[in-house]
There are 2 protein chains.
Amino acid sequence: MPKNKELNEKLKDERREQILSTALMLFASRGLAATRITDISKAANISQGLLYHYFSSKEEIFVKLMETAFEKLNEACRWLEAQPMPPDEKIRFAIYELLKLLEENPNAARYHLLIAQSAASDSIPDEAKDIIRREYTYPYEVIARIITEGQEAGTIKKHDANQSALVFWSAIKGLAIYRAVHQDTFIATNPEILCSIFLEDIKKDML
Amino acid sequence: MPKNKELNEKLKDERREQILSTALMLFASRGLAATRITDISKAANISQGLLYHYFSSKEEIFVKLMETAFEKLNEACRWLEAQPMPPDEKIRFAIYELLKLLEENPNAARYHLLIAQSAASDSIPDEAKDIIRREYTYPYEVIARIITEGQEAGTIKKHDANQSALVFWSAIKGLAIYRAVHQDTFIATNPEILCSIFLEDIKKDML
DNA sequence: GTCTATATCCAGATAGAC
DNA sequence: GTCTATCTGGATATAGAC
C-alpha cells in the first residue's frame, strides 16, 4: 500500500530531523571530533546501531548540517538583496533580524557556531570543506554590494566596503558565538550599536 | 656542576616552548579533540615518546596554552586601564593595537581562536573550564568601565556599556577568527570602522 | 634524553537476533 | 525497525633499550 509507505517515509524523515537537531546541539557545544556517535544516539534516545539506519557515518550527519546552515544563511542573503528597500534600510533590517534570530532561536546561533568552527578547522570531512569553499563568501559579497550602493546614495558611511562587510559578519558571528556559549546569561544587544558602524546618523536623537 | 644543570634547564624550557607553539598552531586549526599527540610530536620533530618527557598529557599542553592566552590578554587589559589617557583614547588605542597585533602576529590570532573554541566547548579539561570561569569576563569588565568613564566625559557614545563591551569583543574575536582562518587572504581592517561604534565623531573629516 | 615497540583502551562501524 | 554483541582500527600512554 502506497499510503503506508508514504507514512513510513514521513516518519523516517521526522526521525532523521530529530537526529540532525540533536547532533547540531552536540556538534555546536563539543565540536565534530569530540562528539561521539554514542552521544548522539543517547541524546536522541535510540541505540547506536539504529543510527546507522538513518545515516551512514558521523561525517554524513555533519555534512548535512553544514549544507542546511549555508542554505538558510545564503537564502536569507539572496532574499535581502532582492527586497525593494533602500540600501541603508536593508542593512538596518538585516541587523535587527539577525539579532532577533540569535536571541529567539538557539539553533540559529548554533548554525553560526557550526560554520565558524568548521571554517576554522582543518579536521572536517573534505565534502564539508568543499561546501565552505563554495558558499562561505556569498554573505560577505552581498553585504559589500549593499554597502557600496548605500555609499553612492550617501546613506552609508564611506569606509572600504569589503572591510565593512568583514566587520559586519565578524560582529554578528562573534555575537552568535557568545550567544551559543552563554545561553543563560546572554544579554540582548541593542541593534543600533551595530547600525552606528555603517549608517550615517541623520537623526542624532534616534540613539 | 650547576652551570651545566642550568643550561640543561634552559634547553628543556626551550624545547617546551617549541612544543607549546607547535601545539597552539595545531589546536587552533583542528581543535583539541581532533589533534593527535602524534601530530604534535611529528610537527615538533620529536618522537611521540619524548613528548611525554615534557608534558604528561595532551590536556596538560592545552591547559598551559589556555593559561598563557588569558595571562597575555588580561595583563594587556590591566595595563590599558592603568594608562594615564582619557577613556576615548584608551578605546581607540586598544582597537589600533589589537588589530595591529592580529595582522602582524599569527599566534595572537590563534590564542583568540583557542579561547573562542574553548569557551564554546564542553569537551575541554575541567581545569581549562575553571580558567575560563575565572578569567573570561575580565576583559569585558575593563572595556565596560572605560566606556562608562568616557560616557561621563561625553566622548563615548551613550549605548549601554555592557552591550558595547560585548560588541567590542565580539567584533575583535570575530576578526581574530577570520584572520586565523584566512591567513593568506586576510584583509587588513581599518581601525576607524570599529572606532566609529564607540567614539563620538568630533572631527567628521577624520574619517 | 631519545627512540622503538607494545599494552590498553575506546570509538566507529557491522552483524545478527528479535 | 530496533536492539545487543562483536569486530576492527586507531590513539594514548607506558616500558624498556640505547
Side-chain angles (χ1 to χ4, degrees), chain A residues 1-20 22-27 29-65 121-128, chain B residues 1-20 22-23 26-27 29-65 121-128:
Chain A
M1 270 143 183
K3 252 292 178 45
N4 249 330
K5 209 175 172 188
E6 221 173 275
L7 190 69
N8 274 347
E9 280 299 309
K10 211 187 148 194
L11 267 143
K12 191 166 180 180
D13 276 2
E14 272 172 27
R15 189 69 80 111
R16 280 177 63 96
E17 286 307 317
Q18 178 206 356
I19 294 170
L20 285 169
T22 308
L24 173 60
M25 203 168 52
L26 289 167
F27 287 151
S29 65
R30 312 162 78 94
L32 170 63
T35 303
R36 286 160 303 189
I37 208 96
T38 55
D39 296 334
I40 302 175
S41 62
K42 260 187 219 155
N45 281 316
I46 57 173
S47 74
Q48 192 173 352
L50 184 54
L51 200 144
Y52 286 91
H53 268 259
Y54 296 95
F55 297 95
S56 67
S57 70
K58 192 167 74 162
E59 275 68 30
E60 191 189 316
I61 301 178
F62 186 81
V63 169
K64 187 85 187 67
L65 285 171
S121 177
D122 281 348
S123 65
I124 55 169
D126 284 342
E127 222 182 314
Chain B
M1 272 139 184
K3 252 298 182 31
N4 249 330
K5 209 175 171 188
E6 221 173 273
L7 191 70
N8 274 348
E9 278 300 308
K10 210 185 148 194
L11 265 143
K12 192 167 180 182
D13 275 3
E14 270 171 30
R15 188 70 80 112
R16 279 176 64 95
E17 287 307 317
Q18 178 206 357
I19 293 171
L20 285 169
T22 309
L26 288 167
F27 287 151
S29 65
R30 313 162 80 93
L32 171 63
T35 304
R36 284 160 305 186
I37 208 93
T38 55
D39 296 334
I40 302 175
S41 62
K42 258 188 221 154
N45 281 316
I46 57 174
S47 75
Q48 192 173 351
L50 183 55
L51 199 145
Y52 285 90
H53 268 260
Y54 295 96
F55 297 94
S56 66
S57 71
K58 191 168 75 164
E59 275 69 28
E60 193 190 314
I61 301 178
F62 186 80
V63 169
K64 187 84 188 68
L65 285 171
S121 176
D122 280 349
S123 65
I124 56 169
D126 285 342
E127 222 181 317

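Computed from a predicted model, the values in this text were never measured in an experiment. Reminder, nothing fancy here: chain letters follow the sequence lines and each chain counts from 1.
The nearest whole Å value for the distance from the CG atom in B/L51 to the P atom in D/dA11 is 15 Å. If you measure from atom CD of B/Q48 to atom P of D/dA11, you get 10 Å, rounded to the nearest angstrom.
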Only pairs under 3.5 Å count here: list side-chain donor-acceptor contacts from residues 41-48 of chain B, not counting sequence neighbours, and write none if there are none.
residue: B/S41; atom: OG; partner: B/I37; partner atom: O; Å: 3.4
residue: B/S41; atom: OG; partner: B/T38; partner atom: O; Å: 3.1
residue: B/S47; atom: OG; partner: B/L50; partner atom: N; Å: 3.2

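Backbone-only contact: A/T35 has heavy atoms under 4.0 Å from sugar-phosphate atoms and none from a base.
Residues of residues 53-63 of chain B having a heavy atom closer than 4.0 Å to DNA chain C, listed by number: B/H53, B/Y54.
Residues forming a side chain to side chain donor-acceptor pair (under 3.5 Å) with A/S121 (at least two apart in sequence, or on another chain): A/S123. Applying the side-chain contact (heavy atoms from CB on, under 4.5 Å) criterion to B/D122, with sequence neighbours excluded, gives A/S29, A/R30. Scanning for side-chain contact (heavy atoms from CB on, under 4.5 Å) contacts around A/S57 gives A/E59, A/E60, with sequence neighbours left out.
For B/K58 (side chain) and B/R36 (main-chain N/O), no donor-acceptor pair under 3.5 Å exists by modelled atom type.
Interatomic distance, CG of B/D13 versus CG of B/L20, reported as 10.0 Å (0.5 Å rounding). One finds the OG1 atom of A/T22 at 10.5 Å from the CD atom of A/E17 (value rounded to the nearest 0.5 Å).
Between A/G49 and A/R36, the residue anchored nearer the 5' end of DNA chain C, judged by the nucleotide with its closest heavy atom, is A/R36.
Counting only Watson-Crick and G-U wobble pairs whose two distances sit under 3.5 Å, DNA chain D takes part in these stems of three or more pairs: C:1-18 with D:1-18.
The number of heavy atoms from other shown groups lying within 6.0 Å of CD (B/E127) does not exceed 12.
For residues 34-60 of chain B, there are no ring-ring contact (aromatic ring centres under 6.0 Å, His included) pairs, not counting sequence neighbours.
Looking at B/F27 and B/I61, their side chains come closer than 4.5 Å, going by heavy atoms from C-beta outward.
Along DNA chain C, read 5' to 3', the first and last nucleotides having any atom under 4.0 Å from a heavy atom of chain B are C/dG1 to C/dT4.
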